[in-house]
Amino acid sequence: MEDDRSSEIDLNTDNIQRVNLRDWYKPMSFYQIWVRSFADGNGDGIGDLYGVYDKLEYVKSIGVDGIWFSPIYPSPNADYGYDISDYRDIHPDFGDLDQFKKVLKRAHALGLKVIMDLVVNHTSDEHPWFVESCKGKDNPYSDYYIWRDEPNNWDSLFEGKAWEYNKERGQYYLHIFAKKQPDLNMDNPKVRQEVKDIMRFWLDMGVDGFREDVINFISKKEGLPNGLPFLPAVNGMPYYKDGPHIHEYLAEFRKVCDDYDCFQLGEGPMTTVKSAMKYLTGPTKSLDMMFSFDHMMADCLYTEYVHRPFSLIKLKKAFTKWQYALAGKGWNALYLENHDHPRIISRYGSEHFWRESGTMLAASYIFQQGTPFIYQGQEIGMTNIKLMSIDQYVDVSSITNYHTYHLKEDPERRLHRIHLSSRDSARTPMQWDDTENAGFSRSTPWFYVNPNYHRVNVKKEDADENSILNFYRKCLSLRKNSKTLIYGDYTEHFPKDKNIFMYERSLDSESYLVICSFSRLPVKAHKPAKFAGKRGELVLCNYPDEPVSYGGVFDHVEQELSEIELKKGYFRPYECRVYRYYT
Ligand code: GLC
Ligand code: CA
């Protein structure tokens with residue numbers, strides 16, 4: 001931290017010096033692209049890198065500094081790209097390596113970094129390594145995967161038991177995810193060498209770093225002991241999460257990255273702050289940031305499928321726990337959405353107060369300390385899709401959940417659970433305008449378009465000063481131009497308030513106070529004692545004409561506030577405000 005503050009970082013990211021500046025990613029923000037549903041350039045109904053190329057200016061216009069591509073490699077799509085059959089090529093649906101290089105070049109010319117998804121806990125069962133490995137124990141690829149004569153009792157996270165019998169080899173292979181995602185044997189030095197070669201392949205091409213898929217699962221406990229029988233789905237986790245050699249293996253990968261000064265972001269399902277510290281700080285530091293999951297469980301338990309009512313207290317505790325633990329030691333990866341979670345407005349906000357909650361949610365996380373990630377469509381407030389039948393869903397985990405749990409409930413109730421939880425809600429085509437197929441494709445899209453695209457789309461929101469899209473732009477620009485919002489200390493105020501999330505960022509004599517109402521009714525927010533008697537400057541608000549005029553936004557609110565009450569610190573439904581103070 002101290003170093004960051006004393007070194008003169010030019011916050012204009014085009015000028016960020018990569019040399020000797022390991023922390024170049026700190027002032028940045030990223031946009032995640034799940035290509036299949038982003039933009040279809042060649043008109044076959046599937047998003048592709050031609051479409052991405054055409055939309056790079058749009059991405060830049062949001063104010064982000066980089067792109068994370070979910071896997072764009074050849075894949076049979078058992079898990080939509082997270083089952084890779086060739087690590088050194090582009091899925092033919094998306095284009096080819098030449099098209100990728102064009103995208104990379106154009107992105108760099110626009111000042112956007114590009115990071116790739118590195119999925120090395122498992123491959124596809126159609127990867128040539130696995131095809132070879134099945135052939136027998138004396139095959140050169142025999143030990144690339146985890147084979148046993150007898151399975152242990154582990155469940156997979158996506159599809160029944162974690163072991164599948166392979167007739168050809170006459171043994172069982174381990175798959176922590178779907179059957180078509182056999183786990184690699186990372187204890188085999190040859191496999192680790194493959195990973196390092198793959199990293200160099202993309203780094204040599206010019207990519208700037210990696211998001212590393214379920215990276216805390218790659219080292220398994222020797223002997224693969226049986227898990228506790230009463231923990232369905234996750235019973236083996238104690239033996240494959242944060243495994244015995246994880247830090248050695250990641251140190252090897254880190255060395256590759258050091259040669260290129262690129263950065264590494266690990267996805268850490270179920271990671272605790274305590275274990276994350278080992279990845280992010282001290283002698284075992286191997287990752288620059290980690291995607292943690294605690295804050296994604298404010299309305300569910302472990303997976304979105306086990307749904308509970310939203311609790312702001314839980315959300316605040318999770319946010320603040322990570323902020324305090326990493327302060328001055330590590331760095332957070334901030335996000336509310338990605339391709340694995342339903343849309344955030346439908347979860348933590350309100351589709352009824354769509355614009356209000358969509359904008360408030362942006363401010364609730366972008367101004368925390370860390371590097372913000374925005375998932376495609378989040379910036380325009382896309383919401384969950386409700387399909388009529390389970391057969392219309394395509395995500396392997398949704399399908400398994402539907403057919404495995406709550407089987408005694410009636411089908412409608414079970415489908416409702418899928419509406420609340422499915423990853424497919426994050427994977428509907430991007431809504432560009434109100435023409436057919438939401439402007440995503442000129443032919444029938446590969447997946448259902450959310451029918452709300454007439455109201456929720458880029459074109460409309462681009463033209464509306466008060467839209468969710470323009471609010472994201474304001475947030476990112478405010479953050480980018482403020483050292484306090486990037487590097488300043490984080491303090492939460494009134495952690496027990498059930499309606500308001502209030503946090504402060506401070507550096508030297510400057511403080512920003514971010515106040516977010518998660519209530520659909522007007523609620524009062526109190527001023528922290530340290531600001532008593534001080535007048536803050538309002539620098540951002542998600543209601544037009546704040547603070548006294550209603551500007552029409554109250555038409556749908558039963559309970560109105562008088563001007564006096566507004567002045568006294570009442571917040572309208574899902575209102576957020578950011579004040580700047582000097583102390
Ligand atoms: C990660 C990915 C998810 C994928 C899983 C298995 O959690 O984000 O999409 O299904 O790993 O690769
Ligand atoms: Ca296409």
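For ligands, and for the atoms within them, numbers begin at 1 and follow the listed sequence.
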Please find the pair of heavy atoms, one from [X] and one from [Y], that lie closest to each other, and give the distance.
X: Ile418; Y: Tyr305; value: CD1-CE1, 3.7 Å
X: Trp147; Y: Cys134; value: CH2-SG, 3.9 Å
X: Gly377; Y: Tyr31; value: N-OH, 3.8 Å
X: Pro342; Y: Glu337; value: O-CG, 4.5 Å
X: Gln181; Y: Tyr82; value: NE2-O, 3.1 Å

Distance from atom 4 (C) of ligand 1 to nearest protein heavy atom, with residue and atom
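The answer is Asp79 OD2, 3.2 Å.
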- Of all the non-hydrogen atoms in the protein, which one sits nearest to atom 2 (C) of ligand 1, and at what distance?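 Protein heavy atom with the smallest distance to atom 2 (C) of ligand 1: Asp213 OD1, 3.0 Å.
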Could you establish whether Phe158 and ligand 1 come within less than 4.0 Å of each other, counting only heavy atoms on the residue side?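 Distance cut 4.0 Å: Phe158 passes for ligand 1.
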Proximity flag Arg211 to ligand 1, non-hydrogen atoms under 4.0 Å:
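Right, Arg211 reaches ligand 1.
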_Taking 3.0 Å as the cut-off, does Ser441 contribute an N, O or S atom near the Ca ion (ligand 2), distance below it?_
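Under 3.0 Å: Ser441 has no N, O or S contact with the Ca ion (ligand 2).
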Below 3.0 Å, any N, O or S contact between Gly51 and the Ca ion (ligand 2)?
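Of the N, O and S atoms in Gly51, none lies under 3.0 Å from the Ca ion (ligand 2), which means no.
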Among the N, O or S atoms that [X] has, which is closest to the Ca ion (ligand 2)?
X: Asp48; answer: OD2
X: Asp40; answer: OD1
X: Asp44; answer: OD1

Against heavy atoms of Val214, which atoms of ligand 1 measure under 4.0 Å?
->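 Those atoms are 1 (C), 7 (O), 11 (O).
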Could you list which atoms of ligand 1 come closer than 4.0 Å to a heavy atom of Glu267?
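Near Glu267, the atoms of ligand 1 are 1 (C), 7 (O), 8 (O), 11 (O).
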Under 6.0 Å from the six-membered ring centre of Trp446 and within 45° of its axis: does the NZ or CZ of Arg36 meet both?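 Flagged: Arg36 positioned over aromatic ring of Trp446.
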Practice item. For residues Ser286 and Phe253, determine if any side-chain heavy atom of one lies less than 4.5 Å from a side-chain heavy atom of the other. Key: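 With C-beta onward as the side chain, the pair stays apart.
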Checklist entry - Any side-chain hydrogen bond (donor to acceptor under 3.5 Å, both in side chains) pairs touching residues 221-238, not counting sequence neighbours? => result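 For residues 221-238, and leaving out neighbouring residues, the side-chain hydrogen bond (donor to acceptor under 3.5 Å, both in side chains) pairs sorted by first residue read Glu222-His245.
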